[in-house]
Every structure is written in C-alpha cells, then in structure tokens.
Amino acid sequence: MKSRRLEEMNQYITEHGFAGMDELQTVFGVSINTIRRDVAELIVEGKVQKVYGGVRSKGPALIPYEIRSSDASHLKEMIGLRAASFVREGDIIFIDSGTTTLWMMEALKNKENITIVTNNIEVMFRALEQTNIRLIVLPGELHRKTHSLTGEETVQDLARFNIHTAFMAATGISENGVTNSSPMEYEIKKMAIERSRRTVLMVTGDKFGVTSLLTYAGLDDLDTVITDSSMPDRYRHLLTERGIQWIEADKN
C-alpha cells in the first residue's frame, strides 16, 4: 500500500510540476504526518525537490493543453470524425474534456437536434455558432491545465441528466482500466459514465499500456473504443475478448 502510494504521489507531482503538502493530503487522504514522511522518502530517492510551500518534480510537468492539442492532431481529427458518426438526431451526448474529443465538433455541424452536455470550454466556444446544437454547460471552477470546469457542483449537476452516449478521453488505458491524471476531473468522468447508456472512449494508440494516477473506469464500462492503427495487437485481442467494439479511425 505504501509503495503504491509513493509511486502515485511521485506521478502526481511529476504531472503537476508542483504540489503543496495540504494538496497532497487532500488527494491521497492520509494524515499530514504521513505525507511528510512520504515526501521525505521521495526527496531521499532524488525523485522530488523540496521548495517553499511544497515539493517540485525533477521530471517534466503535465504537458500544456496547447501542446497536447497539436500533438498527433491528424489522428485525433480522424478519431473525432468517426466518433461523431455515432451521434443520431435527437441524441443527448456528453463530451469529455480533452484534445481528442474536441475534434467531434466540426462533424456535428451536419447533425440536427443534438444536445451536448459538457465541462469542456473549447467545446463551448465551438458550439456558439452551431445553431443545430443545444448546449448545456456544467458549472464549476476553471481548471486551466485541461481547459475545463471542475468541482463538486460539476458532478452534482451532471447527475441530473440522462445521456445517450458519453464520449470520453483518457491519459491511458491498460488491462486494469481507463485512467486520468487529474483528481479534479476524476468524479466528473465517473458520473458521466454512470449517467450514460453507452460509453465511447477516444484515445490515440500511444495511450495503450499507459497507467496514470486515477482509474475512473474499468474496461467493462466501455462499449466502444475509437483509436488508430498503432494500437498494440494484444489490446485488439483483449478488447475483442471483453466484447468491446474497437475501431481504428485511420483505416477504412
């Protein structure tokens, strides 16, 4: 338990660049004395550095949204277009935060009578001129690193809606489930899946075999995975065995 917590704590600090002691206590749900001991071990191991107000990672921080949005953009566009083909007239859909889900918006211009529920700020901007879309904006506090709105009120508001399909993003997917690196978005993602009849995961092939801080869904929670042809063979077999539809968007 302790070794796993230390690994996850190091990963959290790495992904965020900096973390305060109170923040780590809130995220990991242990006493402040335990946090101090854990941090001391990470410092001795040379994984983090003590700075004023908390600790700083010696590795790279979470990649900024602007960089992630341009990375593999062609593949993400194809994944987004294929995902949009699942949307039918009259559907109520949830669009998750992330740079891959955003690519759905262009293709949704040709859909009629669509309702989008989202906390994704970029989706909100793109929906402004799409009069065919009814947009429901979830409330919350701005999370700048993911261009999304987050918080307890976001989760509570999302719980009111009946959703046909949730289009989800992730930091990683492995045999153990679907993961993300932001504790602020963890409960939102879980609620979106809970309130949806169908869940479609949208990830590029480099996300397979990756495990980040928090597992927000098991593989059995997924109905469809839309990815690209770089998905490893073993995951093609695994998804098929689990009865999960998989689509490689860059193949006809």
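- Under the 3.5 Å distance criterion, the side-chain polar atoms of D38 are left unmatched by any main-chain donor or acceptor of L6.
- Residues M104 and L128 are members of one and the same hydrophobic cluster, defined by side-chain heavy-atom contacts under 4.5 angstrom among Ile, Leu, Val, Met, Phe, Trp and Tyr.
- Rounding to the nearest 0.5 angstrom, the gap separating the CG atom in N119 from the NE2 atom in H147 is 13.0 Å.
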Derivation of the side-chain hydrogen bond (donor to acceptor under 3.5 Å, both in side chains) call for T179 and S212:
CA-CA 6 Å; T179 59; S212 60; 3.1 Å; yes
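- Contacts of S148 classified as side-chain hydrogen bond (donor to acceptor under 3.5 Å, both in side chains), with partners at least two apart in sequence or in another chain: T146, E185.
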Under the side chain to side chain contact (heavy atoms under 4.5 Å, CB included) rule, what do N120 and T101 come out as? Steps first, then yes or no, please.
CA-CA 9 Å; N120 186 326; T101 51; 3.8 Å; yes
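- The two residues I188 and L158 make their nearest non-hydrogen contact at O-CD2, 3.5 Å.
- Heavy-atom minimum distance, Y216 versus A170: OH-CB, 3.9 Å.
- Rounded to the nearest 0.5 angstrom, L238 CG and S174 OG are separated by 9.0 Å.
- The shortest distance between side-chain heavy atoms of I93 and F86 does not fall below 4.5 Å.
- The side-chain hydrogen bond (donor to acceptor under 3.5 Å, both in side chains) search around T154 returns none, not counting sequence neighbours.
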After noting the C-alpha distance and the side-chain angles of I163 and R197, does the key distance pass the side chain to side chain contact (heavy atoms under 4.5 Å, CB included) rule?
CA-CA 7 Å; I163 298 168; R197 297 179 190 173; over 6 Å; no
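- In this structure, K109 contributes its side chain and Q130 its backbone to no donor-acceptor pair below 3.5 Å.
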Dump the intermediate steps for side chain to side chain contact (heavy atoms under 4.5 Å, CB included) on N180 and L213, then the final yes or no.
CA-CA 6 Å; N180 80 301; L213 184 64; over 6 Å; no
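- Within a 6.0 Å radius of CD in E153, other residues, nucleotides and ligands contribute more than 12 heavy atoms.
- Looking only at distances, no side-chain donor or acceptor of D206 sits under 3.5 Å from a matching main-chain atom of S230.
- Results of the side-chain contact (heavy atoms from CB on, under 4.5 Å) test with D250 over I79, T204, D228 single out D228 as the only residue that passes.
- Hydrophobic clustering of Ile, Leu, Val, Met, Phe, Trp and Tyr side chains at less than 4.5 Å, counting indirect connections, unites I43 with F28.
- Under the 4.5 Å side-chain heavy-atom criterion for Ile, Leu, Val, Met, Phe, Trp and Tyr, V137 and L102 are members of the same hydrophobic cluster.
- In this structure a side-chain-to-backbone donor-acceptor pair under 3.5 Å is present from H164 to I92.
- Side-chain contact between D91 and T115 is absent, with no heavy-atom pair separated by less than 4.5 Å.
- Residues V203 and T171 are not in side-chain contact: their nearest non-hydrogen atoms beyond the backbone lie 4.5 Å or more apart.
- At least one side-chain heavy atom of V39 sits less than 4.5 Å from a side-chain heavy atom of L24.
- The two atoms that bring P232 and G205 nearest to each other are CD-O, 4.2 Å, heavy atoms only.
- Here K189 pairs with D96 under the side-chain hydrogen bond (donor to acceptor under 3.5 Å, both in side chains) rule; sequence neighbours left out.
- Taken to the nearest 0.5 Å, the CG atom of N110 stands 8.0 Å off from the CD atom of E106.
- To the nearest 0.5 angstrom, E41 atom CD is 10.0 Å from M9 atom CE.
- Between the side chain of K111 and the backbone N or O of V87 there is at least one donor-acceptor pair closer than 3.5 Å.
- Put simply, V178 and V210 are part of two different groups of oily side chains (I, L, V, M, F, W, Y) that touch within less than 4.5 Å, one to the next.
- Tracing side-chain contacts under 4.5 Å through hydrophobic residues (I, L, V, M, F, W, Y), one reaches F208 starting from W246; they form part of the same cluster.
- A salt bridge links R236 with E248; the closest basic N to acidic carboxylate O contact falls under 4.0 Å.
- Sorted by first then second residue, the side chain to side chain donor-acceptor pair (under 3.5 Å) pairs that include residues 24-36, not counting sequence neighbours, are S31-T34, N33-R36, T34-R37.
- Under the 4.5 Å side-chain criterion, counting only non-hydrogen atoms from C-beta, F94 is not in contact with T165.
- For the residue pair R56 and I13, the shortest heavy atom distance occurs at C-CG2, 4.1 Å.
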Applying side chain to side chain contact (heavy atoms under 4.5 Å, CB included), run through Y186 and T215 and close with a yes or a no.
CA-CA 8 Å; Y186 171 74; T215 301; 5.8 Å; no
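- Contact between V155 and E187 at its shortest, heavy atoms only, is CG2-CB, 3.7 Å.
- Annotation: side chain of F161 is not in contact with side chain of R195 (no heavy-atom distance under 4.5 Å).
- Two residues are said to be in side-chain contact when any heavy atoms from C-beta on lie closer than 4.5 Å; I244 and V225 meet this criterion.
- For E129, the CD atom is loosely surrounded, since the number of other residues' heavy atoms within 6.0 Å does not exceed 12.
- The minimum heavy-atom distance between I226 and A83, with the atom names listed, is CD1-CA, 3.5 Å.
- The only option from R198, R82, Q245 that meets the side chain to side chain donor-acceptor pair (under 3.5 Å) definition with T224 turns out to be Q245.
- At least one side-chain heavy atom of L222 sits under 4.5 Å from a side-chain heavy atom of I173.
- Between the OG1 atom in T211 and the CD atom in E8 there is a gap of 10.0 Å [rounded to 0.5 Å].
- With hydrogens and angles disregarded, no donor-acceptor distance shorter than 3.5 Å links the side chain of R134 to the backbone of T131.
- Considering only residues two or more places apart in sequence or on other chains, Y235 meets the side-chain hydrogen bond (donor to acceptor under 3.5 Å, both in side chains) condition with E175.
- Applying the salt bridge (charged side-chain N to carboxylate O under 4.0 Å, His left out) criterion to R126, with sequence neighbours excluded, gives E122.
- With rounding to the nearest 0.5 Å, the separation of CG in L239 from CD in E241 is 9.5 Å.
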